[in-house]
Amino acid sequence: MRYLLIFCSLLIANCKEKDSRFEKLSTFNPGQDWLDNRGKHINAHGGGILLHDNTYFWYGEHKIEGKIGNTAQVGVHLYTSTDLYNWRDEGIVLQVDETNSNSDISKGCILERPKVLFNDKTNKFVMWFHLEPKNQNYSSALTGVAISNSPRGPFRFIKSLRPNKGVWPLNVKKFHKKKVPKITKKIYCGGPECMPHHVDSLNILGRDFEIGQMSRDMTLFKDDDGKAYQLYSSEENSTLHISQLSDDYLSHSGTYKRFFQYRFMEAPTIIKKNGKYFIIASGCTGWNPNAARSASADNIFGPWTELGNPCIGENANTTFNSQGTFILKVKNTENYIFMADRWKPSNPIEGKYIWLPLNISDNNSIELEWQEKWDLSIFN
């Protein structure tokens, strides 16, 4: 009996020691390890957040050790929180297909930047993501769609596609509809260094008209009226497309426009404040960080006015050594948090997160200032 009591005492002490390591957080610490309820670094890269029933749902890419982690070996990971500081691991909500090598989401594909919206008409949760089937590198430029009855999943993959097949954008130009030169049948690398200065002569929009437009880095946005939009880097990453989704959010409506032509903007993020839309995106420099770009508009279909780099402070010219993935609205407020990733392609599971308060002034200027440590009281 005495030994049993000693064992129980040691067990209780050990549990208390473990609990002390998982004390609740009350600050954001950009660029540092961010532990979940199990004491593990959060594994939800390139993610986005859905607020539903007073709970935040953080969906992101699950990474594993080594360079192979740059491909999808597991799927989309979900974490939940009610305060934004402390996150509970809810597991994998969209799994890659380990049995069917012909599936577009077979193990080893590229599955990036998952975003989820709730559709009020269908009561379904719809996930979109950038998708490249296995062994095709970044040549396919597809978008993937999955659906669930619950924000906690599981999500069921339903299709992959290229947006707006056989549909011209609202701001199509006459030359886009001309016969496409043979040179545009090539696949370019997706960065400005690969494209000639006479990009118009390539007519990538016309090249892809019959098969659908390219879709790489992307995000989703749900407007006040319930209409939803996909923003994605297209035309070999040279131009951003903003495309309205169908009423059920499962496909495109056929209404879209081209913006920031030949500016090579990727990693788009978007918010709306006081009736005005704001975009923060990055340039195209692969895994290497670069200076963010920002823009504003009174209508989501423009015209958009570029506002320059919103970052302030040391390393502002590299977006604080990160790349944006989402802009989060804090519940019951008009305050916003810019979410970004510090990618580590040599071992992607070690990638860290940069969350910073986003300041939008009355004159519609937009600023991101570096904070070593901060909390939500900064908005007071």
Side-chain angles (χ1 to χ4, degrees), residues 46-48 59 61 71-72 76 94 104-105 109-117 126-134 136-147 157-172 176 184 187-191 194-195 202-222 228-246 249-270 279 281-284 286 300-301 323-326:
Y59 304 89
E61 308 161 26
T71 61
V76 177
L94 175 65
D104 279 354
I105 61 166
C109 69
I110 295 173
L111 194 164
E112 297 178 333
R113 297 180 179 271
K115 305 294 185 288
V116 175
L117 294 178
V126 183
M127 177 188 293
W128 288 64
F129 47 89
H130 169 213
L131 175 64
E132 304 283 350
K134 186 177 180 180
Q136 294 189 29
N137 199 8
Y138 282 89
S139 64
S140 295
L142 299 172
T143 189
V145 185
I147 193 169
F157 175 67
I158 57 175
K159 62 182 175 181
S160 65
L161 67 147
R162 273 195 169 191
N164 298 304
K165 179 180 178 180
V167 179
W168 294 112
L170 295 176
N171 54 349
V172 64
H176 288 133
T184 63
I187 294 294
Y188 296 89
C189 75
C194 309
M195 304 284 269
L202 301 179
N203 190 9
I204 300 169
L205 182 78
R207 180 199 71 183
D208 294 340
F209 175 73
E210 293 182 356
I211 62 174
Q213 300 303 320
M214 303 181 79
S215 176
R216 288 188 177 134
D217 278 11
M218 57 134 286
T219 194
L220 296 180
F221 174 72
K222 183 177 180 180
Y229 301 84
Q230 185 194 23
L231 287 72
Y232 52 93
S233 298
S234 194
E235 301 176 45
E236 301 292 355
N237 288 5
S238 69
T239 302
L240 185 74
H241 288 192
I242 299 180
S243 183
Q244 184 177 325
L245 300 184
S246 57
Y249 301 172
L250 297 179
S251 47
H252 296 92
S253 69
T255 301
Y256 74 107
K257 272 190 171 184
R258 307 164 67 238
F259 296 100
F260 314 110
Q261 290 95 329
Y262 321 130
R263 290 283 285 121
F264 290 90
M265 294 170 66
E266 63 179 9
T269 65
I270 183 172
I279 280 177
S282 81
C284 292
I300 195 167
F301 281 141
Q323 184 183 47
T325 182
F326 194 72

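All of these numbers come straight from a predicted model, not from anything done at the bench.
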Separation of L240 CG from D217 CG (nearest 0.5 Å): 10.0 Å
Taken to the nearest 0.5 Å, the spacing of E112 CD from T71 OG1 works out to 10.5 Å
Considering non-hydrogen atoms only, spot the tightest contact between A281 and M265 and give its length. CB-CE, 3.8 Å
Distance (rounded to the nearest 0.5 Å) between S234 OG and I242 CD1: 12.0 Å
List the residues meeting side-chain hydrogen bond (donor to acceptor under 3.5 Å, both in side chains) with Q136, not counting sequence neighbours, and say none if there are none. S140
Sequence neighbours left out, what passes ring pair (Phe, Tyr, Trp, His ring centres under 6.0 Å) with Y229? Give chain and number order. F301
Using side chain to side chain contact (heavy atoms under 4.5 Å, CB included) as the criterion, list what pairs up with S215, not counting sequence neighbours. T143, P163, Q230, Y232
Heavy-atom closest pair (R113 atom, E61 atom, distance to 0.1 Å) is N-OE2, 3.0 Å
By salt bridge (Lys or Arg N to Asp or Glu O under 4.0 Å), K257 pairs with (sequence neighbours left out) none
From I105 atom CD1 to I110 atom CD1, the distance as rounded to the nearest 0.5 Å: 14.5 Å
Quick one: are T325 and K115 in side-chain contact, heavy atoms under 4.5 Å? yes
For residues F129 and L94, determine if any side-chain heavy atom of one lies less than 4.5 Å from a side-chain heavy atom of the other. yes
Looking only at heavy atoms, what is the nearest atom pair of S160 and L131, with distance? CB-CD2, 3.6 Å
Contacts table for residues 165-172: side-chain donor-acceptor under 3.5 angstrom, sequence neighbours left out:
residue : atom : partner : partner atom : Å
N171    : OD1  : R258    : N            : 3.1
N171    : ND2  : R258    : O            : 2.8

For the residue pair R207 and E236, establish whether any side-chain heavy-atom pair is separated by less than 4.5 Å. yes
Could you tell me which residues satisfy side-chain hydrogen bond (donor to acceptor under 3.5 Å, both in side chains) with Q213, sequence neighbours excluded, listed by chain and number? none
Does S246 offer a backbone N or O that forms a donor-acceptor pair with the side chain of S251 under 3.5 Å? no
Report the distance from atom CZ of F326 to atom OG1 of T269, rounding to the nearest 0.5 Å. 9.0 Å
Please list, chain by chain and in numerical order, all residues satisfying ring pair (Phe, Tyr, Trp, His ring centres under 6.0 Å) with F157, sequence neighbours excluded. none
By side chain to side chain contact (heavy atoms under 4.5 Å, CB included) - contacts of N137 (at least two apart): none
Side-chain contact, heavy-atom cut-off 4.5 Å: T239 with I204? no
Kindly write out the residues that satisfy side-chain hydrogen bond (donor to acceptor under 3.5 Å, both in side chains) with K134, not counting sequence neighbours, or none if the list is empty. none
Partner residues of A141 under the side chain to side chain contact (heavy atoms under 4.5 Å, CB included) criterion, sequence neighbours left out: E132, R162, M214, R216
Locate the shortest heavy-atom distance separating A228 from Y249; write the atom from each residue and the value. CB-CE2, 3.5 Å
Any side-chain donor-acceptor pair under 3.5 Å between Q323 and E266? yes
Side-chain donor/acceptor of N203 to backbone N/O of H176, under 3.5 Å: yes
Could you check if a side-chain atom of D104 sits within less than 4.5 angstrom of a side-chain atom of P133, using non-hydrogen atoms only? yes
Nearest atoms (heavy-atom pairs only) where G254 meets N164: CA-OD1, 3.7 Å
Can you name the residues that form a side-chain hydrogen bond (donor to acceptor under 3.5 Å, both in side chains) with S233, not counting sequence neighbours? none
Please find the pair of heavy atoms, one from V116 and one from L220, that lie closest to each other, and give the distance. N-CD1, 4.4 Å
Sequence-distant partners of V145, side chain to side chain contact (heavy atoms under 4.5 Å, CB included), two or more places apart: V126, W128, I158, K159, L161, L250
